[in-house]
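Quick caveat, the model's predicted, so the values are computed rather than measured. Order of the sequence lines fixes the chain letters, A, B, ..., with proteins taken first and strands second; residue numbering starts at 1 for each chain.
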Amino acid sequence: MKVPLIELPVVTAAGIFLAHYSVNGLAGLDWPAKKNTRIRSAVSTPSLQILRWHRLASAALQRILAGRAAGELPPLDWTGKTEFQKTVWRALLDIPSGKTKSYGEIAAAIGNPKAVRAVGGACGANPIPVLVPCHRVLAANKKIGGFSGGLSRKRDLLAREGVQWTA
DNA sequence: CACTCGATCAGCG
DNA sequence: CGCTGATCGAGTG
């Protein structure tokens, strides 16, 4: 069955993010496009509930970009994702702003200490960057590691949170 | 099922 | 610093 998605823009100083909502909650977040793409609003009329979720998501995004704690999040829709991925993402939500963990620490935290590389894979598959703070995961030696959205974005987010990493 | 590929890591020279 | 093996989940055919 096909679940309709609603797209709503989040205007921030860092650009316009695009949030995707399903009937279950926030399902995805897109990085700001380079160009001034269509700021067209929702394809169909968002329900009151979705607008409410959107307020939460927008506020949380603004706070994280300002280097502060996210605060309350809307429900996250991870339908169709694997249990392993969901477990990893839940662990990411436990990393507070300004702190980081290594891929190995995440693996240990979810009780699967040898699944180090798999954790990296799950981070890369995260559909909701920033709010699910995949950028707070560094390599073991505090090196920057990788980032699917581009390393410059990871560096920017970490800098906003006052985090140090090794070159 | 049998591959392949990673946002890893620790060990070793 | 660079190379290597171990090891896991996901994607592909």
Item to check | Lys99(A) NZ: over 12 foreign heavy atoms closer than 6.0 Å | outcome: no

Checklist outcome for this item: Bounded by its outermost nucleotides with an atom under 4.0 Å from a heavy atom of chain A, the footprint on DNA chain B reads dG6(B) to dA10(B)

Checklist entry - Contact class for Ala118(A) (heavy atom, under 4.0 Å): base, sugar-phosphate, or nothing? => result base

Item to check | Parallel, tilted or perpendicular: ring planes of Phe17(A) versus Trp31(A), cut at 30 and 60 degrees | outcome: tilted

Next on the checklist: Check this for me, if you would: do Glu161(A) and Arg136(A) make a salt bridge, where the nitrogen-to-carboxylate-oxygen distance has to be below 4.0 angstrom?
Outcome noted: yes

Checklist entry - Quick one: stems for DNA chain C, with Watson-Crick or G-U pairs under 3.5 Å, at least three in a row? => result B:1-6 with C:8-13, B:8-13 with C:1-6

Item to check | Interatomic distance where CD belongs to Glu83(A) and C1' belongs to dC8(C) [whole Å] | outcome: 16 Å

Checklist entry - Expressed in angstrom and rounded to an integer, what is the separation of Asn112(A) atom CG from dA10(C) atom P? => result 10 Å

Checklist entry - Could you give the CZ-to-P distance, from Phe84(A) to dG11(C), as a whole number of Å? => result 12 Å

Item to check | Arg160(A) (side chain) donor-acceptor with Gly67(A) (main chain) under 3.5 angstrom | outcome: no

Checklist entry - Within a reach of under 6.0 Å around CZ of Arg90(A), are more than 12 heavy atoms found that belong to other residues, nucleotides or ligands? => result yes

Checklist entry - Looking across every strand, which nucleic acid part, if any, lies under 4.0 Å from Gly121(A) by heavy atom: base, sugar-phosphate, or nothing? => result nothing

Item to check | Spacing of CZ belonging to Arg55(A) relative to CD belonging to Glu72(A), to within rounding of 0.5 Å | outcome: 10.5 Å

Checklist entry - For Lys114(A) and dG5(C), what is the distance between atoms NZ and C1' respectively, to the nearest whole Å? => result 14 Å

Checklist entry - Hey, are Ser102(A) and Lys142(A) close enough side-chain-wise for a donor-acceptor pair under 3.5 Å? => result no

Next on the checklist: Hydrophobic clusters here meaning ILVMFWY residues chained together by side-chain heavy-atom distances under 4.5 Å, can you tell me if Leu56(A) and Val10(A) are in one?
Outcome noted: no

